[in-house]
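Working notes for the structure below.
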Number of protein chains: 2
Amino acid sequence: MSKELRQHIEEIIPLTDKDFSYILSHFTEKKLKKHQYLIQIGDKVAHTYWVSNGLLKATYTDEKEKEHIIQFAMENWWITDYQAYFTQTKAILNVDCLEATELLCLSYENREKLCKELHKMEHFFRRKANNGFIALQKRMLSFMTNSSETRYDLLLKQYPTLFQRVSKSIIAAYLGVSRETLSRFNK
Amino acid sequence: MSKELRQHIEEIIPLTDKDFSYILSHFTEKKLKKHQYLIQIGDKVAHTYWVSNGLLKATYTDEKEKEHIIQFAMENWWITDYQAYFTQTKAILNVDCLEATELLCLSYENREKLCKELHKMEHFFRRKANNGFIALQKRMLSFMTNSSETRYDLLLKQYPTLFQRVSKSIIAAYLGVSRETLSRFNK
DNA sequence: ATAATGAAGTGACATTCATCACAAAAAATC
DNA sequence: GATTTTTTGTGATGAATGTCACTTCATTAT
């Protein structure tokens, strides 16, 4: 489980065994079952989570009680309510498990500590943030320029495995269309 | 002009005079007139830009030649084609001036150099990236959950000055509605 | 195995919004 | 100051999509 984390970090920065075991000591483990909440609206968001196994969604619930999916997270992805985490305020999102999930948890304090003590970890997280920004900007762009049907096709192409793991209503909530409209896309 | 940059950086990290003059030595100046391009599609994107004065927009042009605005940048904001800049590939966006503009330019190499040499600059840019991510996620969320009229009202509230500086068609291209629809919002 | 719950498809209708066309007002240019 | 260009508003129309209602099929729980 931690082997994968090491690999994940080493995609960006090289680590010695000592480095990694020190880094790993700042994480804790957590296991959740399907449908369990990792974060609920109003919670203090003390951690960011690295997914070693499983699948989660981060959702915003609007005033009509409709769920909008901001982010999925599967193996090797990070997830949390970033707004709440970075600004150390209360959660505005729910994060819950679409499958049984295993996580490595990194507290805000430990993340800042690692960044302070190990310059290369600060570099790692800067790079991660940059990549996250680019990915989000691509999604934004897709929202502005593509029809929902095109967005559906592109998602299908980009994450074919996702479609074997979640229902169409979930995909619809991510794409920002009703499940009925999405259903009519399947020719 | 550089006083403001120092202030901007010191909102996040403290700097000595020596620090700052060293940092500043990695920037170059650039002045553009209204309507001039800073970046054109296909360009190599060698720099990120800090706006000391003026107003710009970053746009994506779809296959129907329609312009979608990804980002504005006014005083104290950073702008570039981030995707192209971070991955050192060709620009997919145009960036051009809505007003006469003065910029401080930081090359990719100099940015990485500063981050490597000064740990606190790496921290600064990590924080900036995190904040940018949050802001973009908020915009994404607003796209998914709010009507275009609500998004219009919110933008008006958040950046009242913007409306004195650009035309309604520009606002429409940022909000992702036609200028006609936006025009009908004004009661 | 049976019952209960959730997922997926589909018809009917209303709503939102883009597009086209045109006119009036404002701003920029000569 | 007159002319050109740009901006803004507005009507008519059609396309895309949300919502509601219902049905069928699949999955999960008892």
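Lettering follows sequence order; numbering is per chain, from 1.
Computed from coordinates, the A:H35 NE2 to C:dA7 P distance equals 8 Å when rounded to whole Å. Atom pair B:L175:CG and C:dC17:P shows a separation of 12 Å (rounding to whole Å applied). A:R184 places its CZ atom 14 Å from the P atom of D:dC20, with the value rounded to the nearest Å. Here C:dG6 presents its C1' atom at 16 Å from CD1 of A:I171, a figure rounded to the nearest Å. Atom CG in B:N146 sits about 15 Å away from atom P in C:dT16, given to the nearest Å. Taking atom CD of residue A:E149 and atom P of nucleotide D:dG18, one finds them 12 Å apart after rounding to whole Å. One atom, CZ of A:F163, and another, C1' of C:dA7, lie 15 Å apart when rounded to the nearest Å. The CG atom of B:L182 sits 15 Å away from the C1' atom of C:dT16 (whole-angstrom rounding).
For D:dT17, one of the phosphate oxygens OP1 or OP2 lies less than 4.0 angstrom from a side-chain nitrogen or oxygen of A:S148. Side-chain nitrogen and oxygen atoms of B:K168 include none within less than 4.0 Å of the OP1 or OP2 phosphate oxygen of D:dT6.
The aromatic rings of A:W50 and A:H8 are tilted relative to each other, their planes meeting at an angle between 30° and 60°. Between B:H47 and B:Y49, the ring planes are tilted. Angles from 30° to 60° get that label. Relative orientation of the B:Y85 and B:Y108 rings is perpendicular, given thresholds of 30° and 60° on the angle between their planes.
Nearest nucleotide to the side chain of A:S183, out of C:dG9, D:dG18, D:dT8: C:dG9. Side-chain proximity of B:T181 to D:dG11, D:dG18, C:dA18: nearest is C:dA18. Distances from the side chain of A:R179 to the nucleotides D:dA21, D:dT8, D:dG18 place D:dA21 closest. Nearest to the side-chain atoms of B:V177 among the listed nucleotides C:dA18, D:dT19, D:dG9 stands C:dA18.
Axis angle, first five pairs versus last five pairs of the helix from C:dA1-D:dT30 to C:dC30-D:dG1: 60°, rounded to 10°.
Side-chain to base pairing of A:R151 with D:dT17: no donor and acceptor N or O lie closer than 3.5 Å to each other.
For B:K113, the salt bridge (charged side-chain N to carboxylate O under 4.0 Å, His left out) partners at least two apart in sequence or on another chain are B:E117. Considering only residues two or more places apart in sequence or on other chains, A:R126 meets the salt bridge (charged side-chain N to carboxylate O under 4.0 Å, His left out) condition with B:E112, B:E122. Here B:D19 pairs with B:T16, B:K120 under the side-chain hydrogen bond (donor to acceptor under 3.5 Å, both in side chains) rule; sequence neighbours left out. With sequence neighbours excluded, the residues forming a side-chain contact (heavy atoms from CB on, under 4.5 Å) with B:L55 are B:M74, B:L98, B:E99, B:L162, B:R165, B:V166, listed by chain and number. Residues meeting the side-chain contact (heavy atoms from CB on, under 4.5 Å) test with A:R139, sequence neighbours left out: A:F143, A:Y174, B:M140, B:M144.
Residue B:K34 is out of contact with every strand shown, counting any heavy-atom pair closer than 4.0 Å. Within the nucleic acid shown, B:K64 has no heavy atom closer than 4.0 Å to any nucleic acid atom. Using a 4.0 Å heavy-atom cutoff across all strands shown, A:S178 reaches at least one base atom of the nucleic acid.
The 5' end of DNA chain C is approached more closely, in terms of each residue's nearest nucleotide, by A:S167 than by the other of A:S167 and B:S147. Nearer to the 5' terminus of DNA chain D, by closest-nucleotide assignment, is the contact made by B:S169 (compared with the other of A:E180 and B:S169).
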